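Here the structure is laid out as structure tokens; the discussion comes afterwards.
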Amino acid sequence: MKFLHSEKFLDMKAENLMIPLERVAHVQSKNNLEHALLVLTKSGYTAIPVLDYHDRLHGLISTPLIMEAILGLERIEFEKLESILVEEVMNKNIPRIRPESTLHQYLHLLVDHPFICIENDAGFFEGIVTRRVVLDLLTKH
Ligand code: 4BW
């Protein structure tokens, strides 16, 4: 992340605060829940983006969503992890911003969402802006 002192805080573009795709833990929509739980557990994050094979954003998957999907009446049905696909369970209703969006335009989204996904004009996922990066910037500002 590069913080340009000349730029006003609220004018910071998403692309300048972004954690790029190659450093974002993610899964693919056709992966099963077992794989998703493995990636979530190994990465240490509670929610991560869901992409397709062309790096287009489809939603996000989280540990609570997975747990809810395998919760039976009397027990957690872990054997279901293998047969359910991420796309059946993921949250598709997520905010998306453009690389050139300014903090002024998306700061309010970080109130309810720990991270915001960045999508370019062609619809491809480029990375995320996290609450941490923005708060870190604010404390330095
Ligand atoms: O593995 C971790 N490394 C670091 N450096 N910090 C972590 C890690 N796991 C959690 N944290 C901290 C961060 O401050 O706990 C916060 C909440 O994590 P979360 O939500 O509930 O897993 C983290 O805050 P954040 O950096 O502002 O990140 C907000 C959310 O963005 C995370 C996670 O859902 C997502 N995220 C962040 N970096 C990511 C990522 N998802 C995929 N790949 C990444 N590299």
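Counting convention: from 1, in listed order, for ligands and their atoms alike. Note that the structure is predicted; figures quoted are calculated from it, not measured. Numbers here simply count residues along the sequence, with the first being 1.
Among Ser43, Pro20, Ala47, the residue whose heavy atom sits closest to atom 1 (O) of ligand 1 is Ser43. Considering each of Ile48, Ile128, Val24, the one bringing a non-hydrogen atom nearest atom 40 (C) of ligand 1 is Ile128.
Ranking protein heavy atoms by distance to atom 45 (N) of ligand 1, first place goes to Arg23 O, 3.0 Å. When only non-hydrogen protein atoms are considered, atom 25 (P) of ligand 1 lies nearest to Arg132 CB, 3.5 Å. In terms of protein heavy-atom proximity, atom 8 (C) of ligand 1 is nearest to Tyr45 CE2, 3.5 Å. When only non-hydrogen protein atoms are considered, atom 29 (C) of ligand 1 lies nearest to Pro114 O, 3.4 Å. From the protein, the heavy atom lying nearest to atom 35 (C) of ligand 1 is Phe115 CD2, 3.3 Å. Atom 21 (O) of ligand 1 has as its closest protein heavy atom Thr46 OG1, 2.7 Å. Here the protein heavy atom with the shortest distance to atom 43 (N) of ligand 1 is Ala25 N, 2.8 Å.
Salt-bridge formation is detected for the pair Arg56/Asp52: a Lys NZ or Arg NE/NH1/NH2 atom is positioned less than 4.0 Å from an Asp or Glu carboxylate oxygen.
For atom 23 (C) of ligand 1, the nearest protein heavy atom is 4.0 Å or more away. Under the 4.0 angstrom criterion, atom 3 (N) of ligand 1 counts as having a protein heavy-atom contact. Contact annotation for atom 18 (O) of ligand 1: protein absent (non-hydrogen atoms, distance under 4.0 Å). Shown here, atom 12 (C) of ligand 1 is out of close reach of the protein: none of its heavy atoms lies under 4.0 Å off. Within a 4.0 Å radius of atom 15 (O) of ligand 1, the protein contributes no heavy atom.
Under a 4.0 Å criterion applied to the non-hydrogen atoms of Gly44, ligand 1 contributes the atoms 9 (N). Ligand-side atoms of ligand 1 in range of Arg131: 27 (O), range being under 4.0 angstrom from any heavy atom.
Note: Leu65 CG to Glu88 CD = 13.0 Å, rounded to the nearest 0.5 Å. Atoms CG and CG, from Leu110 and Leu135 in turn, are 8.0 Å apart once rounded to the nearest 0.5 Å.
Glu87 pairs in a side-chain hydrogen bond (donor to acceptor under 3.5 Å, both in side chains) with only one of the listed residues (Lys92, His58, Gln28, Lys30), which is Lys30.
Annotation: Glu68, atom CD; neighbour count of heavy atoms from other residues, nucleotides and ligands within 6.0 Å does not exceed 12. Counting non-hydrogen atoms of neighbouring residues, nucleotides and ligands closer than 6.0 angstrom, the CZ atom of Arg132 reaches no more than 12 such neighbours.
Counting heavy atoms closer than 4.0 Å to ligand 1, residue His26 contributes nothing at all.
Checked by atom type and distance alone, the side chain of Arg96 never pairs as donor or acceptor with a backbone atom of Asn120 at under 3.5 Å.
Side-chain contact check for Phe125 versus Val50: every heavy-atom pair is 4.5 Å or farther apart.
Between Thr102 and Leu10, the closest heavy-atom pair is CB-O, 3.6 Å. Taking every heavy atom of both residues into account, Leu57 and Cys117 meet most closely at CD2-CB, 3.4 Å.
Residues Leu137 and Ile97 fall within the same hydrophobic cluster, defined by Ile, Leu, Val, Met, Phe, Trp and Tyr side chains chained together at heavy-atom separations under 4.5 Å.
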